[in-house]
Engineer: 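Have a look at this one before I ask anything.
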Amino acid sequence: MLITIVTIFPEMFPGMLAYSLPGKHLGTLWDLKVVNIRNHSDNRWQKVDDTPYGGGAGMVMKANIVHNALTEALKNYQNKVPAIIHMTPRGKLFNNTTARSLATCDGLVILCGRYEGIDQRVIDHWIKHYGMQEISIGDYVLFGGEVAATVVIESCLRFVPGIMHNENSPDNDSFDIKDTNGDRVDLLEYPQYTKPVSWNSYDVPSVLLSGNHAEIMKWRIEQSKQITEQVRPDLWNTYKMLCKRYQA
């Protein structure tokens with residue numbers, strides 16, 4: 001998978017992506033290119049922004065400059081059609097389902113905005129003609145899209161075949177738990193334990209030492225349900241509604 005970042009801070013990449021499993025497979029199972037938006041500036045100072053029409057604080061990134069940078073990014077894909085993403089707080093909330101879907105694409109182009117944002121006209125153009133998606137990683141605002149892009153990349157790479165040592169690992173993480181019927185459900189992960197059996201007066205739950213895999217699975221699902229109900233009542237309510245729908 002080829003991922004291209006479009007940013008005014010190319011030095012921020014690969015950053016954390018150069019470490020752990022993503023870094024181990026960088027250049028083999030996936031690759032990373034960066035397009036510097038400033039290289040497409042129309043002035044000698046490499047300025048990419050200007051004051052907003054209508055007034056207001058901050059600066060807005062110019063449509064023509066961003067358009068040219070995105071056009072350069074697409075050249076990396078030749079006849080392939082990558083998913084094009086604009087990281088923005090007003091985008092659709094990113095989740096595990098989105099990550100799994102993006103991991104099957106012919107690559108990713110990720111646009112990272114800065115300042116007060118990007119001229120809406122170039123956003124509208126790329127949504128209309130290239131299917132660009134606007135994605136948010138949460139209900140908060142960062143200085144720019146680069147950190148958010150790193151989050152999206154890490155999450156997607158977990159579903160790229162060969163990157164995880166155990167191909168089944170993503171199937172039992174939070175938001176991807178398999179229940180006793182083998183169905184994937186949107187619950188938080190159950191607790192994990194390792195040796196020693198006893199530590200600081202805390203013991204490993206006896207069911208995990210029993211060797212009874214059916215009982216272990218039932219215990220884990222129950223733990224996932226309890227944790228989700230306590231920590232994420234929104235997910236829990238959605239899960240309960242789905243259960244009622246299946247029973248109807």
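Note that the structure is a prediction, hence the values are computed from the model and not measured. All values below come from the heavy atoms of this structure, side chains included, with hydrogens, waters and symmetry mates left out.
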Engineer: Look at atom CE of Met12 and say whether more than 12 heavy atoms of other residues, nucleotides or ligands are closer to it than 6.0 Å.
Structural biologist: yes
Engineer: Would you say the side chain of Ile5 lies within less than 4.5 Å of the side chain of Val35, judging by non-hydrogen atoms?
Structural biologist: no
Engineer: Minimum heavy-atom separation for Ala103 and Cys156, please, with both atom names.
Structural biologist: CB-O, 3.5 Å
Engineer: Do the non-hydrogen side-chain atoms of Tyr130 and Leu74 ever get within less than 4.5 Å of each other?
Structural biologist: yes
Engineer: Indicate, with yes or no, if the rings of His67 and Trp126 have centres closer together than 6.0 Å.
Structural biologist: yes
Engineer: Heavy atoms, side chains only, cut-off 4.5 Å: are Thr4 and Pro82 in contact?
Structural biologist: no
Engineer: Decide yes or no for Asp186 and Thr238: does some side-chain heavy atom of the first lie under 4.5 Å from some side-chain heavy atom of the second?
Structural biologist: no
Engineer: Rounded to the nearest 0.5 Å, how far does NE2 of His40 lie from CD1 of Ile8?
Structural biologist: 13.5 Å
Engineer: Rounded to the nearest 0.5 Å, what separates atom CD1 in Ile221 from atom OH in Tyr190?
Structural biologist: 7.5 Å
Engineer: Determine the minimum heavy-atom distance between Met1 and Leu102, stating which atoms define it.
Structural biologist: CE-O, 3.4 Å
Engineer: Apply the test side chain to side chain contact (heavy atoms under 4.5 Å, CB included) to residues Met132 and Ile85: give CA-CA distance (whole Å), side-chain angles for both, the deciding distance (0.1 Å), then the verdict.
Structural biologist: CA-CA 6 Å; Met132 184 169 74; Ile85 299 167; 5.9 Å; no
Engineer: Working note: Asn68 + Thr71, criterion side chain to side chain donor-acceptor pair (under 3.5 Å); need CA distance, chi angles, decisive distance, verdict.
Structural biologist: CA-CA 5 Å; Asn68 291 339; Thr71 301; 5.1 Å; no
Engineer: Taking atom OH of Tyr19 as the centre, does the number of heavy atoms from other residues, nucleotides or ligands within less than 6.0 Å exceed 12?
Structural biologist: no
Engineer: Any side-chain heavy atom of Ile3 within less than 4.5 Å of one from Asp31?
Structural biologist: no
Engineer: How many angstroms lie between atom CD1 of Ile135 and atom OG1 of Thr88, to the nearest 0.5 angstrom?
Structural biologist: 11.0 Å
Engineer: State, yes or no, whether a side-chain contact exists between Lys33 and Leu2 at a heavy-atom distance under 4.5 Å.
Structural biologist: yes
Engineer: Determine whether Leu209 and Tyr193 fall in the same hydrophobic cluster, where Ile, Leu, Val, Met, Phe, Trp and Tyr are linked whenever their side-chain heavy atoms lie under 4.5 Å apart.
Structural biologist: yes
Engineer: Starting from the C-alpha separation in whole Å, work towards a yes-or-no answer on side chain to side chain contact (heavy atoms under 4.5 Å, CB included) for Ile137 and Met87.
Structural biologist: CA-CA 8 Å; Ile137 62 168; Met87 303 307 308; 4.0 Å; yes
Engineer: Side-chain atoms of residues 106-119: list all donor-acceptor pairs with protein atoms under 3.5 Å, sequence neighbours left out, distances to 0.1 Å.
Structural biologist:
| from | atom 1 | to | atom 2 | distance (Å) |
| --- | --- | --- | --- | --- |
| Arg114 | NE | Glu146 | OE1 | 3.0 |
| Arg114 | NH2 | Glu146 | OE1 | 2.8 |
| Tyr115 | OH | Arg38 | NH2 | 3.3 |
| Asp119 | OD1 | Arg121 | N | 2.9 |
| Asp119 | OD1 | Arg121 | NE | 3.0 |
| Asp119 | OD2 | Arg121 | NE | 3.4 |
| Asp119 | OD2 | Arg121 | NH2 | 2.7 |

Engineer: Looking at every heavy atom in both Trp30 and Ile163, which two are closest together, and how far apart are they?
Structural biologist: CD1-CD1, 3.9 Å
Engineer: Take Lys92 and Glu134 through the salt bridge (charged side-chain N to carboxylate O under 4.0 Å, His left out) test and state the conclusion after the steps.
Structural biologist: CA-CA 6 Å; Lys92 181 180 178 181; Glu134 294 195 291; over 6 Å; no
Engineer: Side-chain contact, heavy-atom cut-off 4.5 Å: Thr7 with Asn36?
Structural biologist: no
Engineer: Please say whether more than 12 non-hydrogen atoms of neighbouring residues, nucleotides or ligands are located less than 6.0 Å from CD in Glu11.
Structural biologist: yes
Engineer: I'd like to check the ring pair (Phe, Tyr, Trp, His ring centres under 6.0 Å) partners of His129; sequence neighbours left out, ordered by chain and number.
Structural biologist: His125
Engineer: If only atom types and distance count, is the side chain of Ser155 paired as donor or acceptor with the main-chain N or O of Val151 below 3.5 Å?
Structural biologist: no
Engineer: Enumerate, atom names and distances included, each donor-acceptor pair closer than 3.5 Å involving a side-chain atom of residues 44-66, sequence neighbours excluded.
Structural biologist:
| from | atom 1 | to | atom 2 | distance (Å) |
| --- | --- | --- | --- | --- |
| Lys62 | NZ | Asp42 | OD2 | 3.4 |
| Asn64 | ND2 | Asp42 | OD2 | 3.3 |

Engineer: Of all heavy-atom pairs between Leu29 and Val160, which one has the smallest distance, and what is that distance?
Structural biologist: O-CG1, 4.2 Å
Engineer: In this structure, would Leu142 and Met16 fall into the same cluster of hydrophobic residues linked by side-chain contacts under 4.5 Å?
Structural biologist: no
Engineer: Report yes or no: does Ser20 contribute a side-chain atom to a donor-acceptor pair with the main-chain N or O of Pro22 at less than 3.5 Å?
Structural biologist: no
Engineer: What's the spacing between Arg90 CZ and Ser136 OG if we round to 0.5 Å?
Structural biologist: 11.5 Å
Engineer: Treat each ILVMFWY residue as a node, draw an edge where side-chain heavy atoms are under 4.5 Å apart, and state whether Val81 and Ile84 are in one component.
Structural biologist: no
Engineer: Not counting sequence neighbours, which residues clear salt bridge (Lys or Arg N to Asp or Glu O under 4.0 Å) with Asp139? List them please.
Structural biologist: none
Engineer: In sequence, state the C-alpha distance, the side-chain angles, and the governing distance for Arg220 and Lys225, and then conclude on side chain to side chain contact (heavy atoms under 4.5 Å, CB included).
Structural biologist: CA-CA 9 Å; Arg220 285 175 168 170; Lys225 291 178 180 179; over 6 Å; no
Engineer: Return the CZ to CG distance between Phe159 and Leu157, rounded to the nearest 0.5 Å.
Structural biologist: 10.5 Å
Engineer: Looking at every non-hydrogen atom in both residues, tell me the closest pair between Val141 and Pro89 and how far apart they are.
Structural biologist: CG2-CG, 4.2 Å
Engineer: Go through the steps to decide whether His86 and Gln133 satisfy the test side chain to side chain donor-acceptor pair (under 3.5 Å), and finish with yes or no.
Structural biologist: CA-CA 6 Å; His86 172 214; Gln133 306 172 51; over 6 Å; no
Engineer: Can you tell if the side chain of Phe13 reaches within under 4.5 Å of the side chain of Leu32, non-hydrogen atoms only?
Structural biologist: yes
Engineer: Please identify each residue that fulfils salt bridge (Lys or Arg N to Asp or Glu O under 4.0 Å) with Glu215, with sequence neighbours left out.
Structural biologist: Lys218
Engineer: Mark yes or no for whether Ser101, through its side chain, and Thr98, through its backbone, hold a donor-acceptor pair below 3.5 Å.
Structural biologist: no
Engineer: Quick one: which residue pairs count as a side-chain hydrogen bond (donor to acceptor under 3.5 Å, both in side chains) with a foot in residues 194-208, not counting sequence neighbours?
Structural biologist: Ser198-Asp203
Engineer: Could you grab the distance from atom CG of Asn237 to atom CG of Leu235, nearest 0.5 Å is fine?
Structural biologist: 9.0 Å
Engineer: Is it possible for you to say whether Val147 and Tyr140 belong to one hydrophobic cluster, with membership spreading through side-chain heavy-atom contacts below 4.5 Å?
Structural biologist: yes
Engineer: Give me the atom names and distance for the closest heavy-atom approach of Thr104 to Arg100.
Structural biologist: CG2-O, 3.5 Å
